[in-house]
Amino acid sequence: MSNIVDLVDSVTVGKRKLDDEKRVLENIRKKRNALFQREDHRPLKQDNISERNAWLLKVPEFLNEEFRKAAPSTEFGFIRETITRDSNGTEKKQYSFHLSAQVPDRMDLPREYNVDLMAPSTHTRIFSQEIETGEKAFEGTVNKQGGMKPRMDDVRYHTLMQHMVDEADNRPIQASIPSLARTEPVQPIESASRKKSYIARTRMEREDAVPLLLALFNEHGALNLTTLENLTNQPTPYLKELLREYCIYNKSGVNKRKYELKPEYKLDVQQEETL
């Protein structure tokens with residue numbers, strides 16, 4: 001009799017679990033149906049998507065700000081393709097971006113940019129959305145990706161860098177350092193005194209870090225990595241990334257084992273070219 005009762009209880013528990021799973025699945029179906037009935041989850045248009053190719057370019061922050069301030073009907077710029085041939089007749093294509101005449105001319109806004117392209121690392125598609133109707137549509141597939149940088153010989157770029165350095169000198173820099181939980185050992189350890197203390201460093205935004213770095217080098221000339229870490233309070237990998245882009249490392253000479261700005265970023269050179 002006891003075995004029969006245990007079997008009935010087991011069947012009852014199993015039925016309850018099955019009913020609970022059915023209710024969960026039904027709730028999921030209802031939420032999914034409600035989600036796809038919402039206006040912002042309508043099917044995307046995919047007209048001739050396989051025939052459209054697009055470039056995905058990373059632009060400087062200051063150029064992105066100018067683009068956002070431009071009127072919707074403004075022609076912001078265009079890509080120019082230049083084809084050259086070497087002595088063997090092999091073609092080489094180079095691309096550059098130029099601001100259009102509709103963009104106001106300012107001395108601190110570079111108008112020509114070098115464009116570097118490569119094959120995309122992932123399969124990416126581009127879509128758009130109508131502002132009035134909210135309708136979304138696929139526009140194409142990314143077949144090239146890369147970035148653009150201002151031409152180093154552009155006087156406007158030197159003026160822009162000068163403004164960024166001036167802003168960095170006048171802007172208060174605040175870096176939050178989270179408190180670190182530390183525990184004291186019960187017994188002293190001899191090697192502990194030789195270990196370097198760890199300080200968490202908060203990574204600054206690039207538009208803040210670059211002007212600060214340029215200002216420090218234009219003031220001190222050459223600096224080693226340890227001094228830069230203390231002055232900027234930036235993570236070492238991030239700091240080295242910026243140094244590779246804007247500085248050279250001296251392996252010998254008076255400034256041995258120190259960094260200094262590349263010639264195009266030094267203020268004295270920029271001021272001479274501006275004059």
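- Shown here is Lys262, whose NZ atom has more than 12 heavy atoms of other residues, nucleotides or ligands within 6.0 Å.
- Looking at Arg111, its side chain does come within 3.5 Å of a backbone N or O of Val103 through a donor-acceptor pair.
- A 4.5 Å side-chain heavy-atom check between Leu109 and Phe62 finds at least one atom pair inside the cut-off.
- Atom CZ of Arg106 sits in a crowded spot, with more than 12 heavy atoms from other residues, nucleotides or ligands closer than 6.0 Å.
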Run the numbers on Leu57 and Leu117 for side chain to side chain contact (heavy atoms under 4.5 Å, CB included), then give the verdict. CA-CA 8 Å; Leu57 296 177; Leu117 295 175; 3.5 Å; yes
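- Of all heavy-atom pairs between Thr202 and Gln234, the closest is O-NE2, 3.3 Å.
- Atom NZ in Lys258 sits 11.0 Å away from atom OH in Tyr249 (nearest 0.5 Å).
- In this structure, CD1 in Ile248 is found 11.5 Å from OH in Tyr259, a value given to the nearest 0.5 Å.
- Contact annotation: the side chain of Thr232 never approaches that of Met204 to less than 4.5 Å [non-hydrogen atoms, C-beta and beyond].
- With contacts defined as side-chain heavy-atom distances shorter than 4.5 Å, the pair Asp154/Tyr113 does not qualify.
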Could you go through Arg52 and Glu139, starting from their C-alpha distance and side-chain angles, then the distance that decides it, and tell me whether this counts as side chain to side chain contact (heavy atoms under 4.5 Å, CB included)? CA-CA 7 Å; Arg52 300 179 187 152; Glu139 296 295 342; 3.6 Å; yes
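- Leu99 has its side chain within reach of Leu63: a pair of non-hydrogen atoms, C-beta onward, lies under 4.5 Å apart.
- The line from CG of Asn53 to CG of Asn143 is 4.0 Å long, rounded to the nearest 0.5 Å.
- Glu241 has its side chain within reach of Arg206: a pair of non-hydrogen atoms, C-beta onward, lies under 4.5 Å apart.
- With values rounded to the nearest 0.5 angstrom, Gln102 atom CD is found 11.0 Å from Phe76 atom CZ.
- Inter-residue side-chain proximity for His123 and Thr141 is flagged as met; some heavy-atom pair is nearer than 4.5 Å.
- Residues Lys92 and Asp86 are not in side-chain contact: their nearest non-hydrogen atoms beyond the backbone lie 4.5 Å or more apart.
- Between Arg85 and Glu91 the shortest heavy-atom distance is NH2-OE2, 2.5 Å.
- Checked against Pro60 for a side-chain contact (heavy atoms from CB on, under 4.5 Å), the options Met148, Lys149, Glu66, Glu65 give a single hit: Met148.
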Let me see the working for Asn218 and Tyr265 under side chain to side chain contact (heavy atoms under 4.5 Å, CB included), right down to the final yes or no. CA-CA 9 Å; Asn218 281 304; Tyr265 296 114; over 6 Å; no
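- Taken from OG1 in Thr236 to CD in Glu229, the straight-line distance is 3.5 Å, to the nearest 0.5 Å.
- Between Gln145 and Met118, the closest side-chain pair of non-hydrogen atoms falls below 4.5 Å.
- Ring centroids of Phe97 and Trp55 are separated by 6.0 Å or more, keeping the two rings apart.
- For the atom pair CG of Leu243 and CG of Leu239, the computed distance is 4.5 Å after rounding to the nearest 0.5 Å.
- The nearest pair of heavy atoms linking Met161 to Val210 is CE-CG1, 4.4 Å.
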Val155/Met107 under side chain to side chain contact (heavy atoms under 4.5 Å, CB included): CA gap, chis, key distance, verdict: CA-CA 8 Å; Val155 176; Met107 280 306 299; 4.1 Å; yes
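- Between Glu81 and Lys93, the shortest heavy-atom distance links the atoms OE2-CD, 3.7 Å.
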